[in-house]
Protein chains: 2
Amino acid sequence: MNDEQRLHFKHDPEACKASVNAVRDTLYVLSGKWKLPLIVSLTNGPMRFKDIQRALGEITPKILSKELRELELNEFVKRTVFPTTPVTITYELTPYSQSLDKVIVELRNWGLEHRKHIRESMRKRSEEE
Amino acid sequence: MNDEQRLHFKHDPEACKASVNAVRDTLYVLSGKWKLPLIVSLTNGPMRFKDIQRALGEITPKILSKELRELELNEFVKRTVFPTTPVTITYELTPYSQSLDKVIVELRNWGLEHRKHIRESMRKRSEEE
DNA sequence: GATACTACTATCCTAAAGGATACCGGTATC
DNA sequence: GATACCGGTATCCTTTAGGATAGTAGTATC
């Protein structure tokens, strides 16, 4: 193991703790079963509550409502009330939500590579027998 | 919102599902309270069970054992038994664990930026009052 | 022979996430 | 006036993650 490549955990315990906390923050805002699918279904434009529910398939209104509120708090989603009769309410991604793109791309790429890696090791292990 | 910048979720529903799953895989292997701190404490070299426990402070042996087993399954950690009397067992990061570095750096950077962002919005909101 | 250390496992318990189901007020439609 | 749709909330229940506590087999130390 080459220490030079582990810059972000280089032996300063303070910086190291700060790094761990920052990572945890990020994992937290993406955590849970529905945050990602929710962000994904909103990438095509604003949607109404029931439409999101239908798009996600299995989510109950309680959970959906909670997740949307959390995404709103983190400024990833904007809730808009239109004064039609009856009122229409839409949810849409904010420009700030785009800041997640790089992170998500990295997470996706690593996930894809990891699947390959696991398949490879399983193949090797079965050949050894 | 500019569609061009959302390449990874572009409207193909198949590719989109695959992306979400890949992201979920990655989040999964990093999930939990102890995976990150565990990886961090192993960056300085191999450690024995009790030493890891002492380094992390609060972790119980049951949890530590479980987390180590999971990290081993994902090939981030190698467990080695030395035939001393009594046996000595060490855990160390594998070369493959370095593949996580890029992901972790991105997660850390976004987390740091997000803190700034939140502080900024709170400042603005309090100024408006 | 009592105590202590290592590397764990086993059992029980708690808290949090998530889900099932029911309901609500408002409006529109038949 | 009955039914249906929208945007949720309220209540209860299950599952899971994580922790507390105790114990185990083997060895070494006093």
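Predicted model, so just to flag it, every value in this text is computed and none were measured. Throughout, a chain's letter reflects where its sequence line sits, starting with A, and its residues are numbered from 1.
Checking the phosphate oxygens (OP1, OP2) of C:dT9, no side-chain nitrogen or oxygen of B:Lys66 falls inside 4.0 Å. The side chain of B:Arg69 contributes an N or O atom lying less than 4.0 Å from OP1 or OP2 of C:dT9. The phosphate of C:dT6 has neither OP1 nor OP2 within less than 4.0 Å of any side-chain N or O from B:Arg48.
Rounded to whole Å, the distance from CD1 on B:Ile59 to P on C:dA7 is 15 Å. The CD1 atom of A:Ile63 sits 15 Å away from the P atom of C:dA16 (whole-angstrom rounding). When the C1' atom of C:dG18 is taken as reference, atom CG of A:Leu64 falls 13 Å away, rounded to whole Å. Distance A:Leu30 CG to C:dA17 P: 16 Å, rounded to the nearest Å. In this structure, CG of A:Leu68 is placed 14 Å from P of C:dG18, rounded to the nearest angstrom. Remark: P of C:dA7 and CD of B:Glu72 are 14 Å apart, rounded to the nearest angstrom.
Screening B:Lys62, B:Lys35, B:Lys33 for a salt bridge (Lys or Arg N to Asp or Glu O under 4.0 Å) with B:Glu67, the sole residue that qualifies is B:Lys35.
Note on B:Ile89: only backbone sugar-phosphate atoms sit closer than 4.0 angstrom, heavy atoms only; bases stay farther off.
Donor-acceptor pairing under 3.5 Å is recorded for the side chains of A:His114 and B:Tyr96. Between the side chains of A:Glu113 and B:Ser99, no donor-acceptor pair is found at a separation under 3.5 Å.
Atom CG of B:Leu107 sits about 9.0 Å away from atom OG1 of B:Thr26, to the nearest 0.5 Å. Interatomic distance, CG of A:Leu27 versus CZ of A:Arg24, reported as 9.0 Å (0.5 Å rounding).
Bounding nucleotides for the chain B contact on DNA chain D, 5' to 3', at a heavy-atom distance below 4.0 Å, are D:dG18 to D:dA28.
Inter-residue side-chain proximity for A:Leu42 and A:Glu92 is flagged as unmet; no heavy-atom pair is nearer than 4.5 Å.
For the pair A:Ser65 and B:Glu58, both in contact range of DNA chain D, the more 5′-proximal nearest nucleotide belongs to A:Ser65. For the pair B:Lys62 and B:Arg54, both in contact range of DNA chain C, the more 5′-proximal nearest nucleotide belongs to B:Arg54. Summary of the strand contacts: A:Val87 and A:Lys33 both lie near DNA chain C, and taking for each the nucleotide with the nearest heavy atom, the more 5' one is attributed to A:Lys33.
Using a 30° and 60° split on the angle between ring planes, A:Trp110 and B:Phe76 fall in the tilted class, from 30° to 60°.
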